[in-house]
Q: 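Please find one structure pasted underneath; my questions will follow.
Quick caveat: nothing in here was measured; it's all calculated off a predicted structure. All chains are named by letter (A, B, ...) in the order of the sequence lines, taking the proteins before the strands, and each is independently numbered beginning at 1.
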Amino acid sequence: LLELMENGSGCLNGSGAADSAEKAQQQQQCPAVQLSERNCEAVRVIGQYLRELGLARSAEALVLEAGCPLESGAAAQFRSSVLLGDWDGAEASLASLRRALWRESSWSEIAFRLAEQRYLELLESGAHIAALCVLRGKLTPLQFSPDRLHRLSGLIMCSGPEELRQLSGWSGAAGGTRQALLDSVEQFFPPSVMLPPKRLSVLLDQAVRAQVSRCRHHNTSLSPDQLTLLADHSCQAAASVPSVCSQVLDAHQDEVHVCQFSPNGRFLATGGRDCVAIVWLVEAAANPPGAPRVRHHLTLRIGEERGGVAWLAWSPDSRLLLACAAEEATEVIVWEAETGDCIKKLKHRDEDSLTTAAWLPDSNHFVVGGNRGHFYLCSVDVGFEKAWDFIRVVALATRREDDGGTAVLAADTFARIRRYRFDTMQDETLFREDGPVMSMSISQDETLLAVCVASAGVHLWDLRLRVCRRRLHGLTHGAYLLHASIGGPNQDFVASGSHDARVCVWHRGCQAGDGAQQHLLPDKLSGHGGLVSCVSWNPRHHGMLASASDDCTVRIWLPASLAAAALAASADGTGPGGAGFSSNGCCSSTVSKHQPPPLL
Amino acid sequence: SSEFNASYSMGRLHIEHMGGERVFSCANCDCPLTNRQQLISTRFTGATGRAFLFNRVVNLDTSELQDRVMLTGRHMVRDVSCRKCKTKLGWVYEFATEESQQYKEGKIILERALINESEGFPDPVKD
């Protein structure tokens, strides 16, 4: 006989039980439908799902019609006893289930948990004598977990149910603890006796996650349980991956070597051989909403003798822009981006070459360095503060650490990436690359490091696990410096320049079951007329990518759906000079009608 | 234009640095090349006089393969020049016809007059 109860509450309607009992008997004698074993399992899992949702009558009807009991009789008995608070009945059912356990040794744990629940409920209702009997007669003889026993006996001193609940962390008989007890017991029994908790939810979640991992252009910040079940998930390439050049910025007079979006996504800084750093404003057009465009804001000059702008770094609050010059660079300059005021020129030694820099989180301190063998901690307020000597630095980044301090990550000429703490003067080698490092870029959430290695591609290192997660190939190698950038709402996209004048875009998370090789190759964006040295993802408008090239232009790339909107809104002459998108895999993934649009 | 024009390829050169306590660099532009640890022999002669044989040198461009007869026999060599300023600095041995000369294969000759030696520093990292 099966009697299925609603979660944690209520009692059985006497007459209803008789009716359903009769029906059950009839059904079991001649079930309407013959089900295979797999189908029977499916029914059991669905029945459990319905019951968990609170649709007990539907679950009951399902079981009657299908003739598949959700679980064995004794298990059902146990379940209903616990939910009713019939502890003796529960104990009896449990005894008959003992044979079915995975491991005999778990018996004492289950019996302990059952008795513990009983004990706590008795204490809560004020029946201290009865509780004490349970403690002595049921809990102690089991000799399971003396620590827990000790804590439980201490709870007798509680003055009332409130204090009891607070001290023990147990939420009371009415707080779903009976159901929690059942959930915890389920794991000890094989599925034929008791189903593992929430089985259908688990299966659905696995299916959605598998679809997400196969999504080639996954670019949404929705979590797997927010995605629809009604169709296989796959992000539309057109909506998430940049493929169309929406703007060509040609204000520079010579090769452009650096481009960087500010952390708040409002500014773009570009610089190159013409010794000028240009600050551009990113505007998201009002209609249609979400189509970002870039327009000129300020032109900032560094001196002509400096050989060009080698690096640009935004302060974390997006207020200040720092520029490093090329080669014989003894000085770095800091401007305020909004007004263009030069607020600091920092020089330390005449023999320095300060070609790379990174800011610390306080937007006041920054580190600068080069391959002469020194890198410095400086600040906008004070200027030079501390030096670290005898390390020839190729690239710098900073990362907040667990103890609140900030580590400086530096790639050096021995292909090592090391971590330096200026406050404790501690240093440590994190990774060793197998080829010379050209540049390095950290993701916005500071978990991933993209390292461009000469003739090897882009290597992605996980900064928490300290392992190399991915090696990205497919860019064209050569003698010149390339920079990469990590972007996307989940740090899933990596872009880099290339010697063949194309921009490479990879989706790093994708693990296809078929031909996994294919998904490590990048999509390549054509349009530039010369070497593309640097790229930058906009941290706020996720599909927006900027690229800097030797053809003296900076190009803005947008996903196809956004670009169409941006083109329509363009009034000035910065229209695209022709764009092409060639992909190494399927050009457009299957589009799902029910798919909520990916967030940009 | 969408055409890729090879002559545009400039960008910022990737310059490596081998470090070391005594560093050799290009006498013309100071581009770092190699160091004392890589020096195998000082007893070679080039066009400008004395020349050194090094194991490994960075930041060099190489020419096409040339067949040359030298004092020590017939060799296949490539001329090497500074990647930064394009000054010719020496050559690299690719192939030696005589067995006794095969130890030079893959090694680089830099002419003493065309390079500078300067003070570097030891690598402080011990691990």
Q: Can you tell me how far apart CE (A:M438) and CZ (B:R12) are? Round to the nearest 0.5 Å.
A: 11.5 Å

Q: Mark yes when over 12 heavy atoms from residues, nucleotides or ligands other than B:R68 sit less than 6.0 Å from its CZ; otherwise mark no.
A: yes

Q: Are any non-hydrogen side-chain atoms of B:V125 and A:R418 less than 4.5 angstrom apart?
A: yes

Q: Tell me, for A:A454 versus chain B, whether the close heavy atoms (under 4.5 Å) come from the side chain, the backbone, both or neither.
A: side chain

Q: Is chain B contacted by the side chain of A:V532, its backbone, both, or neither, given a heavy-atom distance below 4.5 Å?
A: neither

Q: Between B:P124 and A:I391, which heavy-atom pair has the shortest distance, and what is it?
A: CG-CD1, 3.9 Å

Q: Tell me, do B:H14 and A:L482 make a side-chain contact under 4.5 Å, heavy atoms counted?
A: no

Q: Is there side-chain contact between B:D123 and A:F390, with at least one heavy-atom pair below 4.5 Å?
A: no

Q: Would you say A:Q253 has more than 12 foreign heavy atoms packed within less than 6.0 Å of its CD?
A: no

Q: May I ask you to test the A:R392-B:F121 pair for a side-chain heavy-atom distance under 4.5 Å?
A: yes

Q: Taking atom CG of A:N371 and atom CD1 of B:I15, what is their separation to the nearest 0.5 Å?
A: 8.5 Å

Q: Please indicate whether B:R22 has more than 12 foreign heavy atoms, meaning atoms of other residues, nucleotides or ligands, lying under 6.0 Å from its CZ.
A: yes

Q: Counting heavy-atom pairs under 4.5 Å to chain B, which of A:L481, A:T429, A:T413 comes out on top?
A: A:L481

